[in-house]
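Worksheet for the structure shown next.
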Amino acid sequence: MRWKQLLSLSAICFCVMPMALQGANAVKAEAVGAFHTTKDDRLILMRVYTEPAAPETVWLEPDALWKSTELIVPAAPEAKVEIPYRIGDNTGMLTVTAPKTHARFFTLDQGINLFAPFLVRRGDPADIFAECWSRWELPMRFIWTRTVSTPLPGVVDQRELLLLDPRKSDREMRFTPGEFHREKIIFNSAALPDANWECIFTLALPGMDFLQRKVRFIPVHELPVLSVAPNGQLVDEAGNLVVPVLAERTLAAQRTWELPRRLWNDNLPVHSATVIGCNFGTGEHTLAGQLRRKRTGLQFLPWNSAAAGIAEVAEAVNILGCQPTQAVTILVPPRSIRLGGDREWLNYLALLDEVARSSATVRKVTLALLPAEPNMPESEEFLSGVRRLGRNSDTVILELDLLWNPPNREECFREMPGEESWRNALPVQAVDELADILNRKAF
């Protein structure tokens, strides 16, 4: 927010005083309230209008954006401002001085919400949903601006004037929502540039940007450090919404690498490996410990074994982006501890797979589906999606349920063997067997 970067018209504040007559229309200005920008700083809200009302009035010439009967401008106390205007063919300049203070104070109450897909594969349709809202106690005319870093077909810079009605009083409707303006942008991701593409939404009054939100479409190999916003969306360090753009998978590309790369990788030893996933076991007897004993140069990056979701995925993306390794194995948690549905997790795995492959040192990527609890098998839709991901990106898929066949499966999920103890979501008693399978198949 640029609280003090005020209108290029000059300063920003005025007092009540009728100004220049244009035929039968008098142009007037009055202070309607004030609001605090910081604890000690405040601005005055000035209402500029014509009397009688002239709908054809255009304010702030030559901008010609504000065509309305009135205009509300924030202003600094005891400052002068000049506002050009045009009524029909007549033009004029309104010069007013703001009062030092005002008895009525408002609370800043407006916002911008942005929604975008978790990720986009180049060539697929993409969309952005944006909405702005106001709960001011008086009707507000805002400038709603959309700015793009590179114009796309159907997505260009745009400015419009919004009139958002005032919030109803508590006596009228205590829990009424604010006044909303919504828009949806649909475009083809094939038109995105090879580098970062940004779309910025701004809600402003003349000379003041109240709010600004940005969405960034970024190729996987250029992703910044990611975190998760409270609403579950990926954001960068500045809080901007981030949408990873995955490379387009074509049949020609698969034919180029499929056989030569597999033959090459299968005959080269792996000296460094990274495993990402839930670390489980009993006491000090854990999966990470068993894998490290069986293979040197292995790094295990544990997830939360109680529940794995987008926060763990974002952390893994950050680590993979700067971790030099030759093989990456992702342990896919069973559905009982996955936060999110099957479709979300297919997107998570596609992102992790693409990030791992974007590293110049990685030669092999493996997705290992951990055994599911008894009576809680994986859905066929999820298994089909994982297998399809493996076919399209030369990723090894290990379905440990098919490779591991213990004599007493339910017993492997017990916290204490041989007892009717609490059952875990992971096979804590089968750490040795699963570590052997992963050591033989994943590296």
Quiz item: Would you say the side-chain atoms of N240 and R216 include a donor-acceptor pair closer than 3.5 Å?
Solution: no

Quiz item: Tell me, do L331 and V275 make a side-chain contact under 4.5 Å, heavy atoms counted?
Solution: yes

Quiz item: Any sub-3.5 Å donor-acceptor pair from T274's side-chain atoms to V328's backbone N or O?
Solution: no

Practice problem: Of all the heavy-atom pairs spanning A425 and F413, show the shortest one and how long it is. | Solution: O-CE2, 3.7 Å

Quiz item: Do S227 and E237 come within less than 4.5 Å of each other through their side chains, counting heavy atoms only?
Solution: no

Self-check item: Note, H102 side chain near L45 side chain (heavy atom, < 4.5 Å)
Solution: no

Quiz prompt | N/O donor-acceptor pair under 3.5 Å between N188 side chain and A191 backbone | solution = no

Quiz item: With a 4.5 Å limit on heavy-atom distance, are the side chains of L320 and S359 in contact?
Solution: no

Quiz item: Take atom CG in N231; do more than 12 heavy atoms of anything else shown fall under 6.0 Å from it?
Solution: yes

Quiz item: Tell me, do L226 and P224 make a side-chain contact under 4.5 Å, heavy atoms counted?
Solution: yes

Practice problem: Looking only at non-hydrogen atoms, find the nearest pair between V156 and P151 and report the distance. | Solution: CG1-CB, 4.2 Å

Exercise. Please indicate whether E198 has more than 12 foreign heavy atoms, meaning atoms of other residues, nucleotides or ligands, lying under 6.0 Å from its CD.
Key: yes

Quiz prompt | Min side-chain heavy-atom separation D194-P219 under 4.5 Å | solution = no

Quiz item: Hey, does the side chain of Q429 reach the backbone of R414 with a donor-acceptor pair shorter than 3.5 angstrom?
Solution: yes

Quiz prompt | Any donor-acceptor N or O pair under 3.5 Å, side chains Q110, S134 | solution = no

Quiz prompt | Salt bridge D436-R440, side-chain N to carboxylate O under 4.0 Å | solution = no

Exercise. Return the minimal non-hydrogen interatomic distance between L370 and P333, and the atom names on each side.
Key: CD1-CA, 4.4 Å

Quiz item: Is there side-chain contact between W133 and H181, with at least one heavy-atom pair below 4.5 Å?
Solution: no

Quiz item: Near R387 CZ, under 6.0 Å, is it more than 12 heavy atoms from other residues, nucleotides or ligands?
Solution: yes

Quiz item: Is a donor on one side and an acceptor on the other found under 3.5 Å between the side chain of E354 and the backbone of A247?
Solution: yes

Exercise. Give a yes or no on whether the backbone of Q326 and the side-chain of T361 come within a donor-acceptor separation of less than 3.5 Å.
Key: no

Self-check item: For the student: nearest non-hydrogen atoms of R423 and P374, plus distance
Solution: NH2-O, 3.9 Å

Self-check item: Approximate separation, where rounding is to 0.5 Å, of L301 CG and I276 CD1
Solution: 5.0 Å

Quiz item: Is the W136 to F35 ring centre distance short of 6.0 Å?
Solution: yes

Quiz item: Hey, mind stepping through W144 and E183 against side-chain hydrogen bond (donor to acceptor under 3.5 Å, both in side chains) and telling me if it holds?
Solution: CA-CA 11 Å; W144 176 243; E183 68 176 73; 2.6 Å; yes

Quiz item: Are D432 and R293 close enough for a salt bridge, meaning some N to O gap below 4.0 Å?
Solution: no

Exercise. Classify the side-chain pair D157/T147 by whether it contains a donor and acceptor separated by less than 3.5 Å.
Key: no

Quiz item: Are any of the side-chain nitrogens in E131 or R182 under 4.0 Å away from the carboxylate oxygens of its partner?
Solution: yes

Exercise. For T395 and L367, work out which heavy atoms get closest and say how close.
Key: CG2-CG, 3.9 Å

Practice problem: Flag this pair as yes if the NZ/CZ of R338 is under 6.0 angstrom from the six-membered ring centre of Y348 and inside a 45 degree cone about the axis; otherwise no. | Solution: no

Quiz item: Side chains of V243 and I218: closer than 4.5 Å at any heavy-atom pair?
Solution: no

Quiz item: Has the side chain of Q290 got a donor or acceptor atom that lies under 3.5 Å from a matching backbone atom of L287?
Solution: no

Practice problem: Could you tell me whether the side chains of T202 and T145 share a donor-acceptor contact shorter than 3.5 Å? | Solution: no

Quiz item: Does one side chain, of E222 or N196, offer a donor that lies under 3.5 Å from an acceptor on the other?
Solution: no

Quiz item: Taking atom CD of E381 and atom CZ of R343, what is their separation to the nearest 0.5 Å?
Solution: 6.5 Å

Self-check item: Taking every non-hydrogen atom, the tightest pair across W197 and S149
Solution: CD1-OG, 3.4 Å

Exercise. Check whether the ring centres of F217 and F187 lie less than 6.0 Å apart, and answer yes or no.
Key: yes

